[in-house]
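Everything numeric in this text was worked out from a predicted model, so none of it was measured. Throughout, a chain's letter reflects where its sequence line sits, starting with A, and its residues are numbered from 1.
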There are 2 protein chains.
Amino acid sequence: MKQSKYDALKLENQLCFPLYACSREIVKRYKPFLDEIGLTYTQYIAMMVMWERKSVNVKELGECLYLDSGTLTPLLKKLESKGYVTRMRSDKDERNLVVAITEDGEKLKDKAVEIPYQIAGCTNLTPEEGVQLYGILYKILGKTP
Amino acid sequence: MKQSKYDALKLENQLCFPLYACSREIVKRYKPFLDEIGLTYTQYIAMMVMWERKSVNVKELGECLYLDSGTLTPLLKKLESKGYVTRMRSDKDERNLVVAITEDGEKLKDKAVEIPYQIAGCTNLTPEEGVQLYGILYKILGKTP
DNA sequence: TATAATTAAATTGTGCACAATTTAATTTAA
DNA sequence: TTAAATTAAATTGTGCACAATTTAATTATA
């Protein structure tokens with residue numbers, strides 16, 4: 001095997017690259033299912049938080065999703081225009097914007113609930129690999145750089 | 001533990017979400033190092049292919065990076081304007097655009113070679129976890145959905 | 001060999017991501 | 001208590017991603 005001081009720069013020796021490619025690949029596999037309920041992937045994970053929390057402010061939502069207001073503000077305006085959430089300044093502290101789920105947003109949950117099962121058929125990992133991957137990814141996320 | 005038919009829709013039960021979050025998190029960790037050589041992450045992985053292949057057409061580059069011409073065309077124009085690659089239609093088949101590395105592009109490699117080692121200090125995985133992650137990610141990428 | 005089908009890039013339009021800045025509200029401290 | 005510091009969203013600007021369409025070149029076929 002020919003060695004070079006540049007080996008560390010080869011695409012095949014990167015861990016970050018397959019992570020980046022895989023992330024996009026999986027989002028692409030979600031697309032046909034998400035199209036049926038009219039959500040993008042980012043809107044879908046935002047709705048996941050809403051289905052669980054019912055009401056959060058932008059900062060909390062951002063902490064859940066690792067996203068900032070620059071991404072969330074336009075996204076939440078879109079979810080509002082679709083009628084799935086409302087956006088209102090908090091009475092207690094008007095700096096906070098409270099995002100709350102609507103009845104239509106709740107109804108969407110019943111359509112969305114099939115998606116995880118449909119997606120399961122699109123991956124080829126063993127249950128063990130899934131658990132390993134999950135653990136490793138959250139280990140990376142947990143480390144404050 | 002309270003169970004619900006909606007458990008599959010919880011963010012914490014997703015595999016895709018930490019993948020998506022991790023991918024962005026790691027790209028963010030590259031940013032300070034990439035800033036020093038004036039490349040974005042996508043430009044960096046494109047240059048990795050160029051450093052290895054010297055000359056490729058857009059289609060081949062897209063296959064390496066899992067990206068299409070919609071993403072690559074503007075990106076390659078930027079790399080061209082920075083002087084790291086040239087873009088020329090192929091003589092044999094004018095549908096093909098040949099992207100070739102320049103001398104400046106080659107020189108950049110010597111600056112970039114430090115980056116993988118600098119990044120290594122920013123992750124917290126054991127070597128075994130790294131190997132596991134690598135294998136699982138390429139298994140996902142390999143499966144034609 | 002014309003015509004149809006295919007192929008490769010480029011283009012168009014939408015939706016993130018995110019750094020940096022701005023605006024407005026609240027909290028802290030002199 | 002008022003001025004400074006902090007905080008939360010929104011805004012601005014850049015750079016992807018990617019679906020869908022267009023343009024131009026090449027190949028296959030009737």
Nucleotide opposite dA4(C) in a Watson-Crick or G-U pair, distances under 3.5 Å: dT27(D)
Counting the atoms with a prime plus P, OP1 and OP2 as sugar-phosphate, which does Ser69(A) contact under 4.0 Å by heavy atoms, base, sugar-phosphate, or nothing? base
For the backbone of Asp7(B) and the side chain of Asn13(B), can you confirm whether one donor and one acceptor N or O come within less than 3.5 Å of each other? yes
Determine whether Tyr138(B) and Tyr20(A) fall in the same hydrophobic cluster, where Ile, Leu, Val, Met, Phe, Trp and Tyr are linked whenever their side-chain heavy atoms lie under 4.5 Å apart. yes
For DNA chain C, which nucleotides open and close the run of contacts to chain A, 5' to 3', at under 4.0 angstrom from a non-hydrogen atom? dG15(C) to dT26(C)
Once you measure the plane-to-plane angle for Tyr44(A) and Trp51(A), does it fall in the parallel (<30°), tilted (30-60°) or perpendicular (>60°) bin? perpendicular
Flag the pair Leu97(A) / Val99(A) as yes when at least one side-chain heavy-atom distance between them is below 4.5 Å, and no otherwise. yes
Got Leu141(A) and Glu25(B) here, is their nearest side-chain heavy-atom distance under 4.5 Å? yes
Out of the candidates Glu103(B), Glu60(B), Glu106(B), only one should pair with Lys54(B) under the salt bridge (Lys or Arg N to Asp or Glu O under 4.0 Å) rule; please name it. Glu106(B)
I'd like to check Asn57(A) versus Ser90(A) (side-chain heavy atoms, cut-off strictly below 4.5 Å). Are they in contact? no
Under 6.0 Å from the ring centre and within 45 degrees of the ring axis: does the NZ or CZ of Lys31(B) meet both conditions for the six-membered ring of Tyr41(B)? no
Where each residue is assigned the nucleotide of DNA chain D containing its nearest heavy atom, which of Lys28(A) and Asn57(A) is assigned the position nearer the 5′ end? Asn57(A)
When you match Leu67(A) and Ser90(A) each to their closest nucleotide on DNA chain C, which lands nearer the 5' end? Leu67(A)
Could you identify which residues of residues 70-84 of chain A place a heavy atom less than 4.0 Å from some atom of DNA chain C, listed by residue number, or say none? Gly70(A), Thr71(A), Leu75(A), Lys78(A)
